[in-house]
Amino acid sequence: MPEWTMLEAIRETLRAEMREDDSVVVLGEDVARKGGVFGVTAGFLEEFGPLRVLDTPVAEIAIAGMAIGAAFAGLRPVAEFQFADYIHPGYDQLVNEAATIRWRSVGEWGCPVVFRAPCGAGVFGGLYHSQSVEALFCHVPGLKVVLPSTPRDAAGLLRAAIRDDDPVLFFEHKKSYRRYREPVDADPAPIPLGAARIDREGDTLTLVTYGVGVHWGREAADFLAAEGITVEIVDLRTLKPLDTETIARSVAKTSRLAILHEANRTLGVGAEVAAFAAEELFDSLDAPIVRIAANDCHLPYTGEEERGIIPQPADILAALRRLARY
Amino acid sequence: MPEWTMLEAIRETLRAEMREDDSVVVLGEDVARKGGVFGVTAGFLEEFGPLRVLDTPVAEIAIAGMAIGAAFAGLRPVAEFQFADYIHPGYDQLVNEAATIRWRSVGEWGCPVVFRAPCGAGVFGGLYHSQSVEALFCHVPGLKVVLPSTPRDAAGLLRAAIRDDDPVLFFEHKKSYRRYREPVDADPAPIPLGAARIDREGDTLTLVTYGVGVHWGREAADFLAAEGITVEIVDLRTLKPLDTETIARSVAKTSRLAILHEANRTLGVGAEVAAFAAEELFDSLDAPIVRIAANDCHLPYTGEEERGIIPQPADILAALRRLARY
Amino acid sequence: MHRYHPVVATPLTDVPASLGADGVRRLYRLMLLTRLLDERLWIVVRQGKAHFVLTGRGHEAAQCASALAVHAGSDWVYTYYRSLGAAIALGFTPYEIFLGVLGKAADPISGARQLPNHFSSRRLRTPTVSSSVATQIPHAVGTAWATHLRGEPVATLCYFGEGATSKGEFHEALNVAGLHRLPVVFFCENNGWAISVPLAEQVAGGSVAARAAGYGMPGVLVDGLDPLAVYQATDEALRRARRGDGPTLIEATCLRLTPHSSDDSDAYRSDDERAALAARDPLPAFRDRLLAAGLIAPDEPERWTDEFRASLLADQDRADALPPPTAERARRWLYQEPR
Amino acid sequence: MHRYHPVVATPLTDVPASLGADGVRRLYRLMLLTRLLDERLWIVVRQGKAHFVLTGRGHEAAQCASALAVHAGSDWVYTYYRSLGAAIALGFTPYEIFLGVLGKAADPISGARQLPNHFSSRRLRTPTVSSSVATQIPHAVGTAWATHLRGEPVATLCYFGEGATSKGEFHEALNVAGLHRLPVVFFCENNGWAISVPLAEQVAGGSVAARAAGYGMPGVLVDGLDPLAVYQATDEALRRARRGDGPTLIEATCLRLTPHSSDDSDAYRSDDERAALAARDPLPAFRDRLLAAGLIAPDEPERWTDEFRASLLADQDRADALPPPTAERARRWLYQEPR
Ligand SMILES: Cc1ncc(C[n+]2csc(CCOP(=O)(O)OP(=O)(O)O)c2C)c(N)n1
Ligand SMILES: Cc1ncc(C[n+]2csc(CCOP(=O)(O)OP(=O)(O)O)c2C)c(N)n1
Ligand SMILES: [Mg+2]
Ligand SMILES: [Mg+2]
């Protein structure tokens with residue numbers, strides 16, 4: 001089994017899908033000649049040619065809209081937004097088009113498109129290369145939203161996303177791209193969309209998180225283990241649909257729920273998880289729910305100021321300790 | 001005091017602001033010759049001329065972007081999106097531009113623009129004339145989001161929004177436009193953005209809602225009063241920033257919280273209210289939080305099918321009864 | 001650089017070969033049927049049997065003639081909410097349209113989820129379109145990319161109004177089509193109004209067809225009241241596309257003989273303006289040309305009118321007898337269902 | 001309909017009157033200062049003292065000359081992330097730019113919140129711009145609407161790259177400017193590349209200036225390596241705008257002599273291509289013209305270079321001594337603060 005970073009896992013899975021299925025195509029800014037700004041599609045132009053690996057103009061409406069139109073004609077496009085921050089110009093095509101096609105045609109047409117976008121902060125990118133935008137799509141029926149944390153998950157989820165018959169937003173945290181390598185099946189089994197994963201088991205409290213939050217959570221859990229606090233980490237993997245069953249099962253065991261994400265707190269994914277728990281798991285909860293999230297702010301160029309917004313290790317530890325001891 | 005519908009209150013307040021302050025201008029599709037598709041700006045072209053009441057092409061990026069640019073130059077534009085459903089093409093200008101201008105210029109520039117849009121269902125408008133999109137903006141720092149339920153509130157909130165130095169999304173539910181008349185001060189005091197209002201007092205449970213939900217809530221409360229259940233209705237009025245203090249005060253009294261909105265449940269505004277309560281009011285709560293909201297779906301042309309999505313009076317009553325008796 | 005060129009009215013002695021005399025008769029019948037259906041739909045709304053209607057009265061020549069140039073079921077077609085005539089010419093039936101307008105579950109287009117006349121048919125390769133103006137234009141370019149990539153000798157035809165040309169979608173899509181010489185024909189029905197906003201405040205420069213030059217593609221201005229000129233222009237453009245010679249932008253000047261929709265008062269246009277438009281109605285003009293050329297018999301227009309009226313009433317009744325969708329259906333097809 | 005016309009290189013004997021010999025010397029000094037600052041900034045990044053830089057090497061002629069035609073502080077200017085030379089010519093100081101690049105709280109442009117070189121100054125009527133390509137173009141049109149409405153005799157100048165012309169923003173904005181003949185000048189710096197995508201896959205038809213005709217405004221193609229031609233074209237366009245004669249679209253051909261940014265490998269261009277570009281560097285060319293015309297003395301270029309280098313190092317050191325922003329500051333100015 002090859003050892004891959006998340007970036008490699010995404011590249012190789014995408015490549016394998018394109019080899020296997022002629023209808024899988026790639027489009028976006030700088031995806032061909034340059035192979036993408038992070039190198040996700042490096043080498044694709046040479047292997048699959050300029051029509052299946054299409055360098056588009058700087059035109060996000062066209063990227064999203066063409067992917068949809070190509071899907072009408074039977075392709076399975078994987079469209080790249082260069083950064084999640086630049087998905088907003090294509091928002092109408094995602095929300096008013098991709099999300100509604102199957103429903104508005106009572107099942108006659110579909111939209112099997114994967115919209116990929118690197119997201120997340122910590123790279124000195126300023127407010128236009130740092131955003132976490134996933135929650136902006138979770139309110140919209142008809143979409144699916146995925147955000148993997150590990151190389152293995154990325155491979156299995158991307159495969160599932162490409163094979164899914166509905167539009168999937170597939171976000172990739174830039175700080176997870178090269179975080180570490182792990183053995184990944186080069187022919188990975190698709191991971192069903194909508195299935196969370198228990199990243200590690202624990203009894204004291206449940207930490208629901210995803211993406212880079214999983215890594216933050218692991219670090220915190222390692223720390224807290226020494227204090228006798230065992231954290232059960234639920235990696236959501238898919239943010240829409242939400243795997244409420246796995247959350248419920250974990251909370252039934254721990255009776256304490258914390259939610260962690262890099263995205264802004266207000267109406268972040270954590271709000272939905274908390275609301276679900278406050279409705280459906282109320283009687284299992286022994287303590288207030290805790291959300292650990294960005295401090296509702298744009299993100300700056302400097303690391304110093306960014307620390308005033310994004311949850312820091314000490315914040316996470318303190319919040320989890322408080323919850324454990326409530 | 002004149003008796004106005006909400007539509008008239010909005011029209012007359014906007015007119016009064018334009019009379020008082022030359023820098024207030026209006027732009028949008030069909031706002032001049034036609035006076036807007038709902039007549040909000042009827043007569044404005046004649047009074048203020050074609051430069052202050054600008055019929056734009058069908059171009060939502062331009063509507064939002066020009067309003068922002070005009071604000072840079074000292075105007076206070078009130079930009080209209082013809083329907084909330086058509087705000088999505090301008091999303092980038094709202095989220096990446098309007099919302100960030102003050103922050104990214106460390107206070108040197110601002111964006112005193114009101115973005116108006118009629119929203120909401122129940123008018124046989126199908127999926128492109130029925131949407132409730134307010135939650136899609138509440139996750140974004142730097143924006144304010146307002147959605148009034150009554151003529152009086154609409155007047156005071158619109159005045160505050162126009163005078164606010166930051167970008168305000170001002171949604172107007174189409175089913176509230178002509179619901180009823182009430183006396184409205186023709187020179188209304190601005191209602192501070194971020195202040196909820198207790199629409200009616202009650203002891204059994206707190207119903208946090210806004211917009212058309214307030215009217216649904218009133219009907220339900222009337223009904224339940226006969227059963228000895230008294231509902232305290234909190235009309236949020238401003239959805240961002242959220243008036244958590246008023247919510248907390250009411251829940252401290254009733255110990256039971258329901259949230260009602262027409263917008264989709266998942267990551268609707270109710271999710272944030274519920275998450276806040278589950279974090280901060282946990283110890284006051286005697287029962288699980290209840291969200292009453294649309295069933296996560298697009299909205300159809302026919303009333304029959306729409307009833308399968310939007311909370312119906314019976315659903316609201318049943319949910320509130322269950323909560324009261326928990 | 002391509003310059004845009006106007007298509008001159010085709011004399012009837014010079015009927016396009018691929019259309020033929022039978023085709024011309026068929027074209028007139030389609031326009032007539034469209035018109036009668038259009039009138040019927042407004043009556044249905046006025047009678048309170050439907051909530052909303054939006055039709056293409058004054059666009060029949062442009063719509064029916066251009067759609068007849070399509071290889072239906074092989075070429076791809078993106079319509080818009082005003083495309084009633086194109087839909088009828090492509091093969092949508094009045095019965096299907098009544099099902100949508102009357103809000104019936106059996107509506108094959110959208111199960112009465114969309115507002116009426118948002119056409120969709122897999123059989124006719126007419127993908128579902130939304131009400132969000134211009135969103136279908138990049139879709140059409142994506143479809144053309146797909147057929148080009150697979151080397152299929154088919155074209156994609158994309159309809160929209162002149163108001164839609166003001167949207168970013170129009171520009172981004174035409175740019176890509178021009179860059180890759182994709183097999184797509186952009187067909188703009190310029191009726192001079194986008195709801196209440198006239199052409200002079202919609203299209204800077206005043207010409208949609210002239211924009212084509214900026215995208216390196218031919219721009220064609222055609223009299224959208226002359227069905228044969230429209231047929232010829234569209235037929236040529238579709239053939240160019242099918243044989244790999246790239247995209248075309250066609251601007252067909254039309255009339256909007258009704259308010260924008262049944263929700264619109266039309267108060268921003270004067271009675272005089274409306275009368276002037278009505279005097280240019282393409283339908284009687286084409287009928288008279290065909291009568292003069294002897295291509296239709298003197299009694300045929302009236303006879304056809306009566307026949308169509310009767311069949312439309314029957315269609316309406318048949319549709320009206322069916323049930324609306326149920327609340328229980330609401331969340332079906334949000335996502336793919338197990339097959 | 002306006003046709004686009006190329007501006008022919010201005011002979012040095014024919015220095016634009018409003019610029020004058022002193023202006024020409026000043027222009028060269030600004031270009032030189034920009035270039036030296038540019039080089040310094042890349043060194044700063046290479047030394048690990050800053051995270052990121054993006055400059056306009058090869059754009060100095062187009063940027064400095066066009067900005068000199070601005071009535072700074074009266075006209076409005078929208079820059080973009082590559083506008084280093086325009087910024088310097090408008091009146092931003094290298095010290096201010098170092099503050100941003102080095103991530104200092106005192107950065108007056110954005111408090112080091114934005115990536116470097118996202119210019120903003122109330123004094124210079126240069127509103128803050130984002131990294132989201134082309135978003136400033138509708139802003140410029142809105143500003144022009146505002147000044148037009150108030151009857152002010154000022155123009156708005158809006159800079160962007162040729163990649164930005166592919167965005168819907170460009171189209172929607174130019175259409176409105178054309179419709180209402182707003183006092184705005186669109187200045188496209190066409191360097192042939194949008195990161196790795198060349199002009200041939202970016203601009204269908206190949207010409208940005210030619211797009212102007214479709215919007216009913218003049219399009220001007222100018223050699224962006226010739227500062228005097230650029231000055232003349234911009235000066236004329238700004239005057240037209242100020243006197244109420246409407247918008248202009250200028251396309252200035254530039255070179256991108258660096259990678260897109262310090263994060264870019266430039267691997268998609270060959271060494272030969274890069275060498276060919278370097279051979280056309282506008283800076284030595286302009287210097288030699290000025291020397292030949294006797295407008296600058298033989299020793300001046302080197303003397304100025306040394307002076308600028310020294311002052312830049314001093315600016316850098318002065319900036320570097322200041323502190324970064326604090327975490328506590330992060331949420332300030334999200335909304336208006338009590339004054
Ligand atoms: C994105 C968007 N904005 C606004 C509207 C509201 N609207 C519906 S039709 C229309 C005018 C379109 O005019 P045009 O393209 O000329 O088509 P016509 O109706 O004249 O055939 C507008 C503004 C919409 N449907 N979509
Ligand atoms: C909306 C948006 N999409 C994508 C990007 C990423 N991006 C940054 S610069 C750039 C290329 C712009 O090229 P051009 O307009 O020619 O300007 P240049 O950098 O060549 O001066 C791209 C695609 C962005 N910043 N904004
Ligand atoms: Mg029109
Ligand atoms: Mg460029």
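For the numbers below, each heavy atom of this structure counts, side chains included, while hydrogens, waters and symmetry mates do not. Chain letters run A, B, ... following the sequence lines, proteins first and then strands; every chain starts at 1. Everything numeric here is computed off the predicted structure, so don't read it as measured data.
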### Query
Donor-acceptor pair, A:Asp30 side chain versus D:Ser196 backbone, under 3.5 Å?
yes
### Task
Using modelled atom types only, decide if a donor and an acceptor are shared between the side chain of D:Arg331 and the backbone of A:Cys297 within a distance under 3.5 Å.
no
### Message
Do A:His298 and D:Leu334 have side chains that approach each other closer than 4.5 Å (heavy atoms only, starting at C-beta)?
### Response
yes
### Message
Quick check on A:Gln82 against chain D: is it the side chain, the backbone, both or neither that has a heavy atom closer than 4.5 Å?
### Response
side chain
### Task
Specify the closest pair of heavy atoms between D:Ser131 and A:Tyr86, including all atoms of both residues, with the distance to one decimal.
CB-OH, 3.3 Å
### Task
If the plane angle is over 60° it's perpendicular, under 30° parallel, otherwise tilted; pick one for A:Phe124 and D:His51.
parallel
### Task
Decide side-chain contact (heavy atoms from CB on, under 4.5 Å) for A:Glu304 and D:Thr326; before the verdict, give the C-alpha distance in whole Å, the side-chain angles of both, and the deciding distance to 0.1 Å.
CA-CA 6 Å; A:Glu304 291 83 359; D:Thr326 59; over 6 Å; no
### Query
Nearest heavy-atom pair of A:Ala59 and D:Ser166: which atoms, and what distance?
CB-O, 3.7 Å
### Query
Would you call D:Lys167-A:Glu60 a salt bridge at under 4.0 Å N-O?
yes
### Task
Of all the heavy-atom pairs spanning D:Ala112 and A:Tyr301, show the shortest one and how long it is.
O-CB, 3.2 Å
### Query
If you take all heavy atoms of D:Gln202 and A:Val58, which pair is closest and at what distance?
OE1-N, 3.0 Å
### Residue among A:Asp296, A:Ile61, A:Ile309 with most heavy-atom pairs under 4.5 Å to chain D
A:Asp296
### Summary
chain A shares the most heavy-atom pairs under 4.5 Å, among D:Pro198, D:Gly168, D:Ser265, with D:Pro198
### Message
With heavy-atom distances below 4.5 Å as the criterion, would you say the side chains of D:Ile195 and A:Glu29 are in contact?
### Response
no
### Message
Which atoms of A:His88 are under 4.5 Å from chain D, going by heavy atoms: the side chain, the backbone, both sets, or neither?
### Response
neither
### Task
Output, in order, the C-alpha distance, side-chain angles, deciding distance and verdict of side-chain contact (heavy atoms from CB on, under 4.5 Å) for D:Asp264 and A:Lys34.
CA-CA 9 Å; D:Asp264 178 32; A:Lys34 188 175 162 74; 2.5 Å; yes
### Message
Please give me the minimum heavy-atom distance between A:Glu305 and D:Gly111, naming the atom from each residue.
### Response
OE1-O, 4.3 Å
